[in-house]
There are 2 protein chains.
Amino acid sequence: MSAYGELQLDALGDATRRGILEALLSGPLPVGKLADRFPVSRPAISQHLRVLERAQLVTHRTSGTRRVYRLDPEGIDSLREYFDRFWTQALASFKQKVEEPSANGD
Amino acid sequence: MSAYGELQLDALGDATRRGILEALLSGPLPVGKLADRFPVSRPAISQHLRVLERAQLVTHRTSGTRRVYRLDPEGIDSLREYFDRFWTQALASFKQKVEEPSANGD
DNA sequence: ACTTACCGTAAGTGAGTGCTTACGGAGAGC
DNA sequence: GCTCTCCGTAAGCACTCACTTACGGTAAGT
């Protein structure tokens, strides 16, 4: 599951995609409503949604001619696990640095 | 502090920079040692470090002619707060969806 | 003082990518 | 059945950005 971490982080590397995710925090939205919130065209949003879906950060449900997108709990959670590991190791690193001031001879 | 969130997320959008951060999890490293771990040139690493430092994800300490880089606890923590808010809202969103199955008439 | 090691910066290049316009398909309403 | 809405996809373009080579500057060693 962590193999998608790369895709997910890359997906987060774009401001518009982050905006899409934040917009979906308030609940599912169809593509049109989503596109209205951003200064780019609807196809652009569609392409971003494809990237986000490929990274397992969003899912869609077809409702008639509409595509309602929502956050993907699994992907979000796997991303959380990735960061949790990072925080844990980072804290360990900081702690170690404090305990071992500068006893390096090289 | 959250104003740097954009810079930080953008910084995480590159695989090499993520690799640098992960390498620094094991402790501080000079630029040269850092560059040896990646298939790119040393100047490329320097440029990545500049981006990371601008995003407050790393700091450097000059030791003679060496520049020893390490993770920046403050930036890392502010990033963690950003994600924590995201998880919280995401969970609330998922929960709300469950409680309100599909009572939408539109 | 001269050389060597370590590193940042500048300039230039190529590939990736985010955007637009144009198009086609599928479902809902009259 | 026809139209209209909603949306994905294709093609093309411009811009960003990651990378390289070249250069200069500083500190340590002899």
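Naming convention: chains lettered A, B, ... in sequence-line order (proteins, then strands); numbering from 1 in each chain.
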To the nearest Å, how far apart are A:Leu49 CG and D:dT9 P?
11 Å

If I compare all heavy atoms of B:Ala55 with all of B:Ala11, which pair ends up nearest, and what's the gap?
CB-CB, 4.1 Å

Ignoring hydrogens and angles, tell me if any N or O in the side chain of B:Gln8 forms a donor-acceptor pair with the backbone of B:Leu57 under 3.5 Å.
no

Give, for atom CG of A:Leu7 and atom CD of A:Gln56, the distance between the pair rounded to the nearest 0.5 Å.
8.5 Å

Taking atom C1' of D:dA18 as reference, at what distance in whole Å does atom CG of A:Asp10 sit?
13 Å

Just how far, in rounded Å, is P of D:dT9 from CD of A:Glu53?
10 Å

Atom-to-atom span, CZ of B:Arg66 to C1' of D:dG29 - whole angstrom:
14 Å

In whole angstroms, the gap separating C1' of D:dT16 from CG of B:Leu7 amounts to 15 Å

Without decimals, in angstroms, what is the distance between A:Arg54 CZ and D:dG8 P?
17 Å

Pairs where residues 10-28 of chain B contributes a residue and the test side chain to side chain donor-acceptor pair (under 3.5 Å) is met, not counting sequence neighbours
A:Glu6-B:Arg18, A:Asp10-B:Arg18, A:Arg18-B:Asp10, A:Tyr82-B:Glu22, B:Arg17-B:His48

Salt-bridge present (A:Asp77, A:Arg80; N to O < 4.0 Å):
yes

Counting primed atoms, P, OP1 and OP2 as sugar-phosphate and everything else as base, the B/S/- map of nucleotides 18-30 of chain C against protein heavy atoms under 4.0 Å is SBBBB----SS--

side-chain N/O A:Arg67 vs D:dG8 OP1/OP2, d < 4.0 Å
yes

Nearest-Å distance for atom pair CZ/C1', residues A:Arg50 and C:dT17:
12 Å

Measure from NZ on A:Lys33 to C1' on D:dC7 and round the result to the nearest Å.
15 Å

Are any side-chain N or O atoms of B:Gln89 and backbone N or O atoms of A:Leu25, one a donor and one an acceptor, separated by less than 3.5 Å?
no

State whether B:Tyr69 places a side-chain N or O below 4.0 Å from either non-bridging phosphate oxygen (OP1 or OP2) of C:dC6.
no

